[in-house]
Every structure is written in structure tokens, then in C-alpha cells.
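I have placed the structure first, in the form of C-alpha cells, so that the comments after it can refer back to it.
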Amino acid sequence: MNKRSPWTRRGFLAGASTTLAAPAILTSTRAYAQTRTLRVGHVSPQTGPLAAFAEADEYILQGVVDAFAGGIENNGTAWNIEVISKDSQSNPNRAAEVAADLILDDEVDIIVAASTPDTVNPVADQAEINEVPCISTDCPWQPYFFGRNGVPGEGFQNTYHFFFGIEDWIGATLGMWSQVDVGTQVAGMFPNDADGNAFGDAQNGLPPAMTAAGYNITDPGRYQPLTDDFSNQIAAFKEAGCTIVTGNMIPPDFATFWGQCAQQGFNPQIVTIGKALLFPSVIESLGDRGDGLTTEVWWSPDHPYSSSLTGVSARELTNGYTSSTGRPWTQPIGFKHALFEVVADVVRRAEDLEDPAAIVSAIASTNLDTMVGNVNWDNGPINNVTKTPLVAGQWQKDGDAFDLKIVGNAGQPEIALTGELKLLS
């Protein structure tokens, strides 16, 4: 196989001194001595405060490697697929380091990344600089595109992304809220990070959309992630008479905030928070105060999609995960699987797998029905981006456990409702 010259890439990182953790390497096998190998680098936050996003990685990656075990045929030639997975440790700098290592030392042919801008953006930036094809997901498209200084109409050369946008989050959320009448005073919680700055943006984020829909939002300004005292924010929300809380937070920050709300007598009737409330482990850790919290739903066992790679349905994929691990399903499962659906499709269609430009061309021309819906960059809202469906959900106590019910499907009627919105007690 024709490997790329490391000169320009090594020059880019000249002087860097980093000790990297040993990666997980999973290789599909095939009984052909001369079978070529294509390397896929994978980066996700397997440890640190964002680790819940990667909770299912081991299961999904093993399933993907099993699906690749027979190799993939491209232009009549069989190719082995080797997946090399590395941990970003929930740190953007670390994500850039391990992405550079995958590119420079492991010489991956394609790199994939998922799980918030803290992982996706630095990996995509390394891929763009070093002209390596990159596919990413699990990050709203605005912090992905504008957070990387993307220029509408120009975009990027080597990096492509699929996920929902802030406009979809707003649409799903407002559609859910419109089912009840709890007033119009909304509390905004936005951290000083890529997601928080995008969601709280005064021109393109939640505030102008909420105002246009007739809500009044109280935004006390950006707080630093891992803050341990939200007294000032809570006092502002109480003074404004807020009955709804919204925003985008990491799990530790929400747990701190929500506990202090109880201590300080702030009792909203609806709480809709992105990112932090995605995971059952977070909800369970909150005990009874997790019951009734709401969040976006990117994917669930009830989504009407199936895998182009294995043929299994969303329900079958989650059943396999819970049976194998004993843990409840999580939303990233579908998107992690879909990443490798797109990889497999690109490998089959690329005109020349030894030419990065040909791989990029195949990515750009993707039109694939996946576990998370159709992925087609011709239908994107902006260069290098295509969107997947989004609905709204609520965590509701079901016996001794919590279940994420789909309680709002504005604009996505093909995704069935599975519950009714209830107010917080």
C-alpha cells in the first residue's frame, strides 16, 4: 500500500513531546496473504467527564470489527479493515494529540470522531491540516462548523460531519413546551465552551429563537465548566420568576446545579438541558430528582431505522447491547454504529483507496440509509454538513428504573411518540 510521506505532518508537530496511551487495535481478518489493509483511526472520550458518550464504544467497535471480518471489496480487490481506537480523555488538547498520533505514526487512511466539539473539532482540524479524510458525529453542526472557523460557501476540504443543528434542538424543544402552559420565563444555563457558546449565542442560538417564540430568557452569562457554585445564577432565575430551565451542560455541572436548586428553593416546572441529561447513569445518580427531566433525543430503540452494515434494527441493536453488557442503552450507540456504516460504504465506492482525494470524493457523494437515518451531504444546510432527525424526550420513572420517553416529535412524525409530557412536581 502506498503510505503517505510523514514529512509535512511531523513538521507540523515538531518539538511536541507527548506520552500516548496504548491504543485499542481491532483488526478484521481474511484468509488471503495478499489482502490489502485500510486503517481507520477512531477518537472518543473514553475517560473523563464526557466518558458517558463513549460508554458503548467497546461493544460497538467489536460489533463493527465482526461485521468487517470478511473484508470489504473495492473495485474487485479485497481489503482488510483495521480499527485503531484512542482516548481523548475528554480533553481537546489530548484529542488533537491522539489524532496527530493516528495520522503520523499509525498512518490511518480515514479518521472518525464523535462526542461533543471537545473531541470532534480538534480531531477534524488535525485531519484537515494533514489532508486525511475525516467523518464525525455527535456534535451539533454549528459548533462543529463555526467553531472551526468554517466559512459558508467554502467549508473544508477533507472533513465531513453528520448530526442535528441548534435549529432542530430549538424546534423539538419548543414543540414539546407548547403542549403545556407554564408561563414564558425561561432560565438559560450556558457554559463557556464550544457547545455553550453556540447554544447561548445572541444572534444564532437559543435566546433569539426563544424570544421570537414569545418566551423571555434570563441569561446570566457564561459560567466556567466544573463550577461548584451556581448561587448567582439561581438567584437571578428566582428573581425573574423562571418556570422553565434550558441550556447545555456537562453532567457534573448539571448535578451540582440541580442539587443547589433544591437547596435554594428554586423549583421550575420544566427542565430541558442538552448533553447532561442524555444518559441513564446521570439520571439514576439524581434519584427521584431525575424523574421528569427533559432533553433532546437523537436516537432510540424506537427510531424506525436499521443498519446498512448488519441489517439489524434500532431495537435489535439496543437489545444486543443491554444483553451483552447488562447496562441500559444510550443514544450514542446508534451514531457510533452509523459512523462505521458510512466508512464501509465509502470503502466500497471509492475509486482508489490509495488516494485520499478519492476517499474524500466518496464521502462527499454519500447517500446512505443508516441506523440514524439518511446520510447525504448533498442535502446539508451548509458545506460538509448533513443533518439527522431530532425529537424531544422525558425521563420517566418506570418501576425501579428510568425510561426515556419520546414526548415531542415536531417535524419528525415518522418517529413515534412513546409517552406524554408531565410537569415536574
Side-chain angles (χ1 to χ4, degrees), residues 140 142 164-192 195-223 230-249 253-254 256-278 286 289-297 390-396 404-413 417 419-425:
Q142 285 91 342
F164 67 85
I166 292 175
E167 70 279 14
D168 304 303
W169 198 97
I170 293 168
T173 297
L174 292 177
M176 176 177 63
W177 292 355
S178 69
Q179 300 175 38
V180 294
D181 183 7
V182 295
T184 59
Q185 300 300 320
V186 178
M189 289 295 293
F190 306 113
N192 186 23
D195 268 340
N197 289 326
F199 272 75
D201 186 80
Q203 280 74 46
N204 300 305
L206 270 61
M210 298 294 174
T211 300
Y215 293 92
N216 301 307
I217 189 163
T218 298
D219 179 1
R222 306 299 160 262
Y223 68 86
F230 291 100
S231 297
N232 290 337
Q233 289 90 342
I234 292 170
F237 300 154
K238 290 172 67 176
E239 183 178 353
C242 294
T243 55
I244 301 172
V245 175
T246 193
N248 190 284
M249 308 175 75
D253 287 347
F254 180 79
T256 301
F257 168 74
W258 195 223
Q260 291 175 4
C261 286
Q263 294 166 4
Q264 298 174 33
F266 177 48
N267 300 300
Q269 294 182 277
I270 297 177
V271 173
T272 305
I273 296 290
K275 192 186 301 188
L277 304 183
L278 296 172
L286 299 173
R289 284 183 61 77
D291 190 22
L293 297 174
T294 55
T295 190
E296 78 269 20
V297 181
L390 187 73
V391 291
Q394 183 174 50
W395 291 100
Q396 298 181 1
L404 183 58
K405 304 288 189 182
I406 298 173
V407 296
N409 62 353
Q412 305 294 340
L417 298 175
E420 294 183 3
L421 177 66
K422 65 178 185 179
L423 300 180
L424 295 170
S425 57

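Bear in mind that the values here come from a model prediction, so they are computed numbers and not experimental data. Just the heavy atoms: all of them, side chains too, but no hydrogens, waters or symmetry mates, feed the values below.
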Kindly indicate whether the side chain of [X], heavy atoms from C-beta on, has any atom under 4.5 Å from the side chain of [Y].
X: Asp201; Y: Phe190; value: no
X: Leu174; Y: Met210; value: yes
X: Leu404; Y: Val297; value: yes
X: Ile166; Y: Asn204; value: no
X: Asn192; Y: Asn197; value: yes
X: Leu423; Y: Ile270; value: yes
X: Glu296; Y: Leu278; value: yes
X: Ile244; Y: Pro268; value: no

Within this structure, what is the [atom1]-[atom2] distance for the pair [X] and [Y], rounded to the nearest 0.5 Å?
X: Asn267; Y: Cys242; atom1: CG; atom2: SG; result: 13.0 Å
X: Phe164; Y: Leu390; atom1: CZ; atom2: CG; result: 5.0 Å
X: Thr184; Y: Tyr215; atom1: OG1; atom2: OH; result: 8.0 Å
X: Ser231; Y: Phe266; atom1: OG; atom2: CZ; result: 13.0 Å
X: Met189; Y: Phe257; atom1: CE; atom2: CZ; result: 4.5 Å
X: Thr295; Y: Ile273; atom1: OG1; atom2: CD1; result: 8.0 Å

Check whether [X] reaches the backbone of [Y] with its side chain - one donor and one acceptor, N or O, closer than 3.5 Å.
X: Trp395; Y: Leu277; answer: yes
X: Arg222; Y: Gly200; answer: yes
X: Lys238; Y: Gln264; answer: yes
X: Gln394; Y: Gly292; answer: yes
X: Arg289; Y: Gly259; answer: no
X: Asp168; Y: Gly165; answer: yes
X: Gln269; Y: Gly183; answer: no

What residues, two or more places apart in sequence or in another chain, satisfy side chain to side chain donor-acceptor pair (under 3.5 Å) together with Asn409?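 Partners of Asn409 under the side chain to side chain donor-acceptor pair (under 3.5 Å) test: none.
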What residues form a side chain to side chain donor-acceptor pair (under 3.5 Å) with Gln142, not counting sequence neighbours?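 Only Glu167 meet the side chain to side chain donor-acceptor pair (under 3.5 Å) criterion with Gln142.
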For a quick test of reading the model, state the closest non-hydrogen atom pair linking [X] to [Y] and the distance between them.
X: Met176; Y: Gly393; result: SD-O, 4.4 Å
X: Leu424; Y: Asp291; result: CD2-O, 3.4 Å
X: Thr294; Y: Val271; result: OG1-O, 2.7 Å
X: Ala410; Y: Gly175; result: CB-CA, 4.2 Å
X: Phe230; Y: Asp253; result: CE1-O, 3.6 Å
X: Ala209; Y: Ile170; result: CB-CD1, 3.5 Å

Test item: side-chain donor near acceptor, Trp177 and Thr246, under 3.5 Å: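 Absent: no donor and acceptor within the cut-off.
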side-chain contact (heavy atoms from CB on, under 4.5 Å) between Lys422 and Val407: does it pass, once the steps are laid out? CA-CA 9 Å; Lys422 65 178 185 179; Val407 296; over 6 Å; no
Heavy atoms of other groups near Glu420 CD, more than 12 under 6.0 Å: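 Not more than 12 within 6.0 Å, no.
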Tell me whether the rings of Phe254 and Trp258 are parallel (<30°), tilted (30 to 60°) or perpendicular (>60°).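 Correct class here is parallel.
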